[in-house]
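What you see is a predicted model, and the numbers here were worked out from it, not measured in a lab.
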Amino acid sequence: MRICKACGTPLVESEKLCNNCGEEYVEEKAFCPSCKEQVRTGTAFCERCGVPLFEQLSTEPELKKEDVINDINEKMRGQWFKRLPKRTLSICLIAVVLIASAAAFMPRIIEKLKGENPTEHLLYIKNNEIFYSSLRTIEPIEITKRLSGRIAANESRGYFSYLSRISNDGKLLFYPDKLTPGRQGYSLYYKKLDKADENGDEIASEVTNYLFNEDATKLFYTTVDRTLYVYDFSESEKIAEEVRVFRINKEGTKLLYRTVNGGTFISNDKNESVNITENGDFFHCSSDLDRIYYFAEGTFYLWENGVNTVIDTGVEKVLGVYDSKEIYYTKPTSERMKISNLVIDDKLSEDALIFEPAFPNKPVEPVYPDYDNYNSWKEYSEAVEEYNLLYGEYKEKYDKYLIAYDSYQNDNVRYQEKKRRDLLREELNQDTLTIDNSQLYYYNGEHSSLVCDNFVNESRNAFNSPVMVFRKRKSIEDKKIKISEISSINDIYILYDGEEMIDTFIAIKSDIFPYYYKGDLYINENAGRIYNLKTQYNEKSVIPRGNLYETTINNNIPGEKVLYDENVSSIESINENGSLLYYKNIKYERNMTDGSGLDWDYTGDLYMNKEFIDSDVKFGSVKVIPETGSIIYLKEYVSGERKVELKIFSDGESRIISEDVCDYYAISDECITYLKAHDLEDNGGDVYLYNGKDEDELIDSNVTYLIKISEKNLNNVSMFVY
């Protein structure tokens with residue numbers, strides 16, 4: 001489009017003068033900066049390559065907005081981009097991909113900029129002191145100064161794993177120091193991990209337990225004298241005395257604690273306290289402390305946002321409380337009855353016809369004649385003949401006697417049994433039997449309903465859903481005993497306490513379903529599957545093995561129990577994602593490393609969801625990485641010499657990380673620390689870092705053992721403290 005430079009009026013292609021102001025139009029040459037093709041002035045795009053020309057036309061008179069838009073729309077309708085060179089298209093495509101990739105990784109980049117991953121830290125014992133190493137910088141720092149030698153022994157691994165914790169942002173390390181022999185408490189310190197050259201600061205001494213909030217701005221702790229304090233990293237403030245247990249929410253704005261005398265209190269960050277109960281015991285509370293379940297004087301309560309609600313009275317035991325507010329609990333019941341009501345007298349009519357039998361008369365045997373008592377042989381011979389006649393009569397009578405005696409013996413046995421039953425009938429009518437049972441109840445968050453009577457105990461409970469396998473005593477009406485089957489009242493007690501009177505069921509909410517099992521029972525956390533491992537010993541091996549069964553629950557209804565796998569010896573774990581780890585072909589041998597020869601090392605073939613992982617895997621050495629599903633484990637490859645490989649199973653195959661490993665701490669697939677070549681005499685080994693890419697890096701030497709910081713330590717506000 002031609003435009004007058006003087007007034008900006010559009011000109012017709014053939015006109016030389018402006019119709020508005022009369023100014024003469026002079027054609028100027030312009031060239032595309034990309035392809036160098038001459039273009040008309042006032043054009044928005046190069047007609048050859050399509051490159052925008054706005055900047056190049058900036059020296060020309062200002063274009064009207066509507067003209068530019070019209071020109072752009074015209075080019076778009078003509079699909080000008082089809083005429084772009086392939087190189088330009090490639091550059092544009094690469095730019096789009098880079099922008100998309102940057103957008104996808106931006107959250108991770110931002111996360112990295114915020115600070116270190118709080119789990120990428122290592123704590124370990126060396127020279128009876130705690131050392132720390134950031135797994136990014138690999139610069140070991142001695143944290144403690146005067147740990148007690150008695151507490152730094154190998155059996156204290158769990159103790160240090162519990163006491164040593166790192167804040168969620170990875171900036172603060174909390175740890176014990178100056179442990180005093182004979183005292184329960186310890187000195188609690190904290191250290192800023194970004195200031196390695198500074199010593200740690202003491203929080204308090206004689207500490208028994210502690211919790212800190214999510215952003216580690218407040219720390220709550222109790223001391224040996226049961227005093228509860230709050231520490232704001234400048235000073236400590238006493239909150240209460242005689243505290244037995246306490247808990248905080250993740251923000252640290254709410255504090256729940258119970259005193260020794262049973263008083264339960266909740267307070268906020270303004271030091272405003274509410275006495276929930278004077279004499280009670282809280283059983284469970286939500287993580288935000290908005291809901292608190294407690295017992296007081298035989299009543300089970302729910303305290304929710306300042307309001308007390310009675311769930312039920314006379315509660316015996318709470319079996320499970322779930323985030324959905326659903327609850328399983330029991331109430332005691334007692335049934336007292338005459339024992340005679342438990343017995344069927346199947347011998348009553350028969351015994352009525354049984355009397356004491358008379359003892360049969362035994363015939364007198366004739367005496368053989370003595371020759372000296374006779375004067376002549378004739379007299380003697382006559383006496384012998386008479387004797388023979390008498391003896392024949394005697395023999396007939398004696399044979400009848402023997403028959404009568406046998407009959408007497410049988411009748412007497414029946415009579416004695418009848419006499420015993422008569423005595424038992426008297427005892428049955430006089431004695432009573434008290435059967436102590438429980439009733440199982442289900443609370444749906446609003447009201448309770450009776451699930452079953454005759455509840456005995458729970459066999460296994462799910463964590464996240466109201467699903468439970470439990471044992472129930474049969475009804476007395478279902479199992480009466482015959483008087484002919486018992487010899488004393490004690491037999492009745494044995495019967496009603498025995499396994500013959502027990503049935504098993506699955507409870508799902510308020511419904512129950514028959515479920516028969518023997519052996520070990522496992523339920524995954526989401527209650528989607530129930531596993532029953534029924535093992536037995538054979539004559540040639542002391543290692544149990546048996547069938548593993550699976551029951552799947554769909555729509556709150558359990559399916560049939562089906563055979564999952566055979567020759568299973570032990571279950572390792574059921575992971576959060578539902579994966580099942582178990583062992584077959586277990587082997588064991590005496591562990592002589594401690595000199596006692598009393599310990600045993602167990603290894604076996606490890607399986608996950610019926611898939612073979614590896615053989616000779618050491619029990620208790622398996623770690624599953626939740627994010628990737630990879631399995632880290634120790635494999636014994638030279639039996640009896642304690643030669644052990646550290647391996648990782650991922651993408652369907654196993655590979656060796658290192659050999660001669662005695663312990664490890666796995667954070668992720670590409671962040672695994674392990675203790676190698678552990679020398680028991682020198683009490684030390686080398687710690688390495690495996691990152692999955694480069695050669696393993698040495699962290700430190702002469703290390704006694706690793707302190708494994710669990711997820712509970714990193715998110716410690718979820719723990720009860722006693």
Side-chain angles (χ1 to χ4, degrees), residues 114-153 156-157 159-181 183-224 227 229-238 252 665 673 683-684 687 689 698-709 713-714 716:
K114 286 182 179 180
E116 291 187 349
N117 184 337
T119 62
E120 293 186 3
H121 303 276
L122 176 65
L123 295 177
Y124 55 91
I125 295 293
K126 174 181 177 178
N127 300 328
N128 283 339
E129 302 291 350
I130 297 178
F131 280 70
Y132 161 79
S133 172
S134 168
L135 299 182
R136 294 187 177 186
T137 60
I138 314 298
E139 296 178 359
I141 305 170
E142 185 176 353
I143 299 296
T144 59
K145 301 300 181 184
R146 286 184 292 176
L147 269 184
S148 169
R150 66 169 183 86
I151 205 67
S156 303
R157 297 187 186 191
Y159 183 82
F160 282 111
S161 294
Y162 172 72
L163 296 181
S164 305
R165 310 173 195 168
I166 296 177
S167 61
N168 293 344
D169 59 8
K171 295 182 179 180
L172 295 178
L173 168 64
F174 300 91
Y175 59 95
D177 201 355
K178 300 179 182 178
L179 297 168
T180 304
R183 297 299 301 271
Q184 295 179 351
Y186 54 89
S187 295
L188 180 62
Y189 284 72
Y190 79 94
K191 179 178 178 59
K192 297 178 181 179
L193 296 179
D194 58 350
K195 297 182 179 180
D197 55 338
E198 296 183 3
N199 294 326
D201 295 321
E202 184 176 9
I203 297 174
S205 60
E206 296 189 335
V207 174
T208 53
N209 286 295
Y210 70 96
L211 298 173
F212 52 85
N213 59 351
E214 190 174 41
D215 56 6
T217 57
K218 292 181 181 179
L219 185 141
F220 299 80
Y221 65 91
T222 53
T223 53
V224 173
T227 303
Y229 295 88
V230 59
Y231 178 72
D232 62 0
F233 294 88
S234 60
E235 60 180 359
S236 295
E237 178 182 356
K238 185 170 74 172
Y665 177 36
T673 57
N683 203 24
V687 178
L689 171 63
L698 177 65
I699 298 176
D700 206 345
S701 299
N702 298 322
V703 173
T704 306
Y705 61 83
L706 308 179
I707 299 176
K708 300 180 181 180
I709 304 176
N713 296 118
L714 297 172
N716 55 74

D232 side chain vs S236 backbone, donor-acceptor pair below 3.5 Å: no

Closest non-hydrogen atom pair, K145 against E129: O-OE2, 2.9 Å

Heavy-atom side-chain contact between P176 and S187 under 4.5 Å: no

Contact summary for F220 and V230, nearest pair of heavy atoms: CE2-CG2, 3.6 Å

Residue pair L163 / Y186: nearest heavy atoms and the distance that separates them: CD2-OH, 3.1 Å

Reported CZ-to-OH distance for the pair F233 and Y231, which is rounded to 0.5 angstrom: 6.5 Å

Full working for side-chain contact (heavy atoms from CB on, under 4.5 Å) between E237 and Y229: CA-CA 5 Å; E237 178 182 356; Y229 295 88; over 6 Å; no

Shortest non-hydrogen contact from V703 toward I125: CG1-O, 3.5 Å

Chi angles and distances behind the side-chain contact (heavy atoms from CB on, under 4.5 Å) call for Y189, I203: CA-CA 5 Å; Y189 284 72; I203 297 174; 6.0 Å; no

Y210 and F174 aromatic ring geometry - parallel, tilted or perpendicular at 30°/60° bounds: tilted

Spacing of CG belonging to L193 relative to CG belonging to L173, to within rounding of 0.5 Å: 5.5 Å

Candidate pair L122 and V687, rule side-chain contact (heavy atoms from CB on, under 4.5 Å), full reasoning: CA-CA 10 Å; L122 176 65; V687 178; 3.7 Å; yes

Contact list for residues 191-200, test side chain to side chain donor-acceptor pair (under 3.5 Å), sequence neighbours left out: none

Side chain to side chain, L123 and I130, heavy atoms closer than 4.5 Å: yes

Any side-chain heavy-atom pair of L706 and T673 under 4.5 Å: yes

Sidechain-backbone polar pair: T227 side chain, T223 backbone, donor-acceptor under 3.5 Å: no

Within-4.5 Å side-chain heavy-atom neighbours: H121 and Y132: yes

Atom pair OG/CG of S133 and L689 - distance to nearest 0.5 Å: 8.0 Å

Side-chain touch V207/T222, heavy atoms, less than 4.5 angstrom: no

I143 CD1 to Y175 OH distance, which is reported to the nearest 0.5 Å: 5.5 Å

Audit row: N702, D700, side chain to side chain donor-acceptor pair (under 3.5 Å) steps and yes/no: CA-CA 7 Å; N702 298 322; D700 206 345; over 6 Å; no

Set of residues satisfying salt bridge (Lys or Arg N to Asp or Glu O under 4.0 Å) with respect to D177, sequence neighbours excluded: none

Reported CZ-to-CD1 distance for the pair F131 and I141, which is rounded to 0.5 angstrom: 10.5 Å

OG-CG distance between S167 and N213, expressed to the nearest 0.5 angstrom: 10.0 Å

Ring-face cation contact, Y665 with K708, 6.0 Å cut, 45° max: no

Stepwise side-chain contact (heavy atoms from CB on, under 4.5 Å) check, T704 with Y124: CA-CA 7 Å; T704 306; Y124 55 91; over 6 Å; no

